[in-house]
Enquirer: 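First the structure, which I've put down as structure tokens, then a few questions once you've had a look.
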Amino acid sequence: MTSAPRAVARLVAMAAALLAGGSALAAPPILVSVTGGGALAGPTGKTLYTYDKDEPGSGKSSCSGSCASSWPPLFAAGSDTASSDYSIVTRDDGKRQWAYRGKPLYYFSKDEKPGDMTGDGMLGTWHVAKP
């Protein structure tokens, strides 16, 4: 294991420990350091992405149906509240989704483990969410 994946694994473990008192899947995204910079990751440590077709600050997601199957949203629980650069948008189906600086956040279904970024640049419209 190289040092970058080891560092990611340590950060994910620390985040999980911090979140143990609440619902780890409903927590706001966490910043995970990766080689060459930083990327936002969900509570499980998997990379988060933004979609160019989402208009920042619109409060809406443009990815639903088959799009959301490939790019699952980072859902927010009903009790979660926005803070700082993180907001919550309500999807067309009524579910709540985390957003960063007004852009809804998604996972990529083909990322298998924390630190994977295989969706970056996909179709020219998907990008790793960075602080």
Enquirer: Counting only heavy atoms from other residues, nucleotides and ligands, does the tally under 6.0 Å from CG of Asp92 exceed 12?
Expert: no
Enquirer: Main chain of Thr125, side chain of Lys53: is a donor-acceptor contact present, judged purely on distance under 3.5 Å?
Expert: no
Enquirer: Just by distance, with hydrogens left out, do Thr90 and Arg96 show a side-chain donor and acceptor under 3.5 Å apart?
Expert: no
Enquirer: For the pair Asp80 and Trp98, evaluate side chain to side chain contact (heavy atoms under 4.5 Å, CB included) and give the outcome as yes or no after the intermediate values.
Expert: CA-CA 9 Å; Asp80 289 342; Trp98 282 106; 3.7 Å; yes
Enquirer: Would you say the ring centers of Trp126 and Tyr49 fall short of 6.0 Å from each other?
Expert: no
Enquirer: Judged by modelled atom types alone, do Ser87 and Tyr100 share a side-chain donor-acceptor pair under 3.5 Å?
Expert: no
Enquirer: Which atom pair, heavy atoms only, marks the closest approach of Pro131 to Gly38?
Expert: CD-O, 4.0 Å
Enquirer: Membership question, hydrophobic clusters at under 4.5 Å side-chain separation (ILVMFWY): are Phe108 and Tyr51 in the same one?
Expert: yes
Enquirer: Check whether the side chains of Thr47 and Asp111 place a donor and an acceptor atom closer than 3.5 Å, and report yes or no.
Expert: no
Enquirer: How far apart are the closest heavy atoms of Val89 and Pro104, and which atoms are they?
Expert: CG2-CG, 4.2 Å
Enquirer: Can a donor-acceptor pair be found between the side chains of Asp54 and Tyr106 at a distance below 3.5 Å?
Expert: yes
Enquirer: Please check: side-chain N/O of Gln97 versus main-chain N/O of Ile88, any donor-acceptor pairing under 3.5 Å?
Expert: no
Enquirer: Please report the interatomic distance CG(Asp52) to OG1(Thr50), rounded to the nearest 0.5 Å.
Expert: 6.5 Å
Enquirer: Given the ring of Tyr107, does Lys46 sit roughly above its face, with NZ or CZ under 6.0 Å from the centre of the six-membered ring and within 45° of the axis?
Expert: no
Enquirer: Indicate yes or no for a side-chain donor-acceptor contact from Asp116 to the backbone of Thr118 under 3.5 Å, with no hydrogens or angles considered.
Expert: no
Enquirer: Between Gly102 and Ala99, which heavy-atom pair has the shortest distance, and what is it?
Expert: C-CB, 4.1 Å
Enquirer: Keeping Ser84 on the side-chain end and Tyr86 on the backbone end, is there a donor-acceptor pair under 3.5 Å?
Expert: no
Enquirer: Flag the pair Arg91 / Pro73 as yes when at least one side-chain heavy-atom distance between them is below 4.5 Å, and no otherwise.
Expert: yes
Enquirer: NE2 of His127 to CG of Asp120: how many Å apart, nearest 0.5 Å?
Expert: 7.5 Å
Enquirer: Any chance you could lay out the side chain to side chain contact (heavy atoms under 4.5 Å, CB included) test for Met122 and Trp71, step after step, and finish with the verdict?
Expert: CA-CA 11 Å; Met122 186 75 62; Trp71 300 91; 3.8 Å; yes
Enquirer: Donor-acceptor pair, distance only, cut-off 3.5 Å: does the side chain of Ser58 make one with the backbone of Glu55?
Expert: yes
